[in-house]
Amino acid sequence: MNQNKVNIVIAGPRGNMGKEAVFMVENTSEFELIAVVDSKNGGKTVGDLDGLPNHSAPIYEDMAVCFSEHECDVLIDLTTPEVGRKHMEIAFDHGVRPVVGTTGFTDDDIVQLRSTAEEKGLGAIIAPNFAIGAILMMKFSQLAAKYLSDVEIIEQHHDRKLDAPSGTAIKTAQLISEVRESKRQGHPDEKEELAGARGADFDGMHIHSVRLPGLVAHQEVIFGGIGQTLKIRHDSINRTSFMPGVKLAVETVMKIDTLVYGLENIIE
């Protein structure tokens, strides 16, 4: 362990995001990769895994054992909401600050985890999206909604994504609803000839999810007003787009003692 660096454990190193995180930590001078946690390959090293750098950091299958054998500052977890929540609780028990990049956490989850973080005096960040451009897209959309209250969201992702709508789309709708009065959009007598044609309904806004091979992560927020429309769009072309946000989250989580949900809360 290096006392002058932020010592990091990564969960989910074989996933697309996890691989990028390993390279980001490896290439950041102030970070040190201590170990990774994987559902298999326990006892091997990072260098034994295909597509990862030749690094001697050990692989663990049990998060608690990993933290018991290594002093760690930050956990970067890029797994699933169910696993991520368990890993957060284990991290808190060992005095480790979690940075979690999965969606699907409920409001109750956030309240309970924030309470634990504050009780332990530890920082934690859960981010539905680590792309800085996507965060700006959400902030710009919230600003626009003050003036154009009719809005629909179209989010597009790869066909391996399990949840719909995306966490980013839900978070965008939540931010917009903070400044927009609830209203039902469209014709009052509108009828879906095919169920779901108008998408999901969030406080009167419609959210549409597209899943196709070849996509990564894309979202367009469309506003309509009298004689005009406004479109705010963000595209992640590849997963390296998320790494500046992960790096920012790691740097920030070392300075706070509560749980922050959404990267927009640490970007001015």
Set of side chain to side chain contact (heavy atoms under 4.5 Å, CB included) partners for Ser115, sequence neighbours left out | none
Under 3.5 Å, side chain of Thr252 to main-chain N/O of Ala249, donor-acceptor pair present?
-> no
Which pairs with one or both residues in residues 237-248 pass salt bridge (charged side-chain N to carboxylate O under 4.0 Å, His left out), sequence neighbours excluded?
-> Glu30-Lys247, Lys247-Glu251
Scan for salt bridge (charged side-chain N to carboxylate O under 4.0 Å, His left out) pairs involving residues 94-114, sequence neighbours excluded, and state none if there are none.
-> Arg85-Asp109
Joining Ile, Leu, Val, Met, Phe, Trp and Tyr whenever any side-chain heavy atoms lie under 4.5 Å apart, the cluster holding Val100 also takes in Met88, Phe92, Phe105, Ile110, Leu113, Leu122, Ile126, Leu259, Tyr261
Without hydrogens or angle criteria, can the side chains of Asp203 and Ser182 be said to hold a donor-acceptor pair below 3.5 Å?
-> yes
When rounded to the nearest 0.5 angstrom, what distance separates CG in Leu148 from CD1 in Ile176?
-> 10.5 Å
Non-hydrogen side-chain atoms of Val96 and Val9 separated by less than 4.5 Å = no
Please list every donor-acceptor pair under 3.5 Å in which a side-chain atom of residues 128-146 meets a protein atom from a residue at least two apart or in another chain.
from: Asn129; atom 1: OD1; to: Ala131; atom 2: N; distance (Å): 2.7
from: Asn129; atom 1: ND2; to: Thr168; atom 2: OG1; distance (Å): 3.0
from: Lys139; atom 1: NZ; to: Glu264; atom 2: O; distance (Å): 3.2
from: Lys139; atom 1: NZ; to: Ile267; atom 2: O; distance (Å): 3.3
from: Ser141; atom 1: OG; to: Met137; atom 2: O; distance (Å): 2.8
from: Gln142; atom 1: NE2; to: Leu175; atom 2: O; distance (Å): 2.9
from: Gln142; atom 1: NE2; to: Glu178; atom 2: OE1; distance (Å): 3.2

May I have the list of side-chain donor-acceptor pairs in residues 217-226 shorter than 3.5 Å, sequence neighbours left out?
from: His218; atom 1: ND1; to: Asp235; atom 2: OD1; distance (Å): 2.8
from: His218; atom 1: NE2; to: Val216; atom 2: N; distance (Å): 3.1
from: Gln219; atom 1: OE1; to: Ala169; atom 2: N; distance (Å): 3.3
from: Gln219; atom 1: NE2; to: Thr172; atom 2: OG1; distance (Å): 2.9

In plain terms, say whether Asp257 and Lys120 are close enough for a salt bridge, that is, a side-chain N and a carboxylate O under 4.0 Å apart.
-> no
Any salt bridge (charged side-chain N to carboxylate O under 4.0 Å, His left out) involving residues 34-48? Give me the pairs, sequence neighbours left out, ordered by first then second residue.
-> Arg14-Asp38
Using modelled atom types only, decide if a donor and an acceptor are shared between the side chain of Arg184 and the backbone of Gly204 within a distance under 3.5 Å.
-> no
Sub-3.5 Å donor-acceptor pair from the side chain of Glu26 to the main-chain atoms of Pro53, do we have one?
-> no
Which pairs pass salt bridge (charged side-chain N to carboxylate O under 4.0 Å, His left out) with one or both residues in residues 156-169, sequence neighbours excluded?
-> Lys161-Asp163
Side chain to side chain contact (heavy atoms under 4.5 Å, CB included) filter on Asp62, not counting sequence neighbours, yields Ala64, Val65
So do the side chains of Arg211 and Glu155 get within less than 4.5 Å of each other, counting heavy atoms only?
-> yes
Partner residues of Glu192 under the side chain to side chain contact (heavy atoms under 4.5 Å, CB included) criterion, sequence neighbours left out | Ala197, Arg198
Under 3.5 Å, is there a donor-acceptor pair between the Glu118 and Thr258 side chains?
-> yes
With sequence neighbours left out, write down each residue that passes ring pair (Phe, Tyr, Trp, His ring centres under 6.0 Å) with Phe67, or none if nothing qualifies.
-> His94
Contact check, side chains of Asp201 and His206, non-hydrogen atoms, under 4.5 Å | yes
Can you list every side-chain hydrogen bond (donor to acceptor under 3.5 Å, both in side chains) pair that touches residues 221-232, not counting sequence neighbours?
-> none
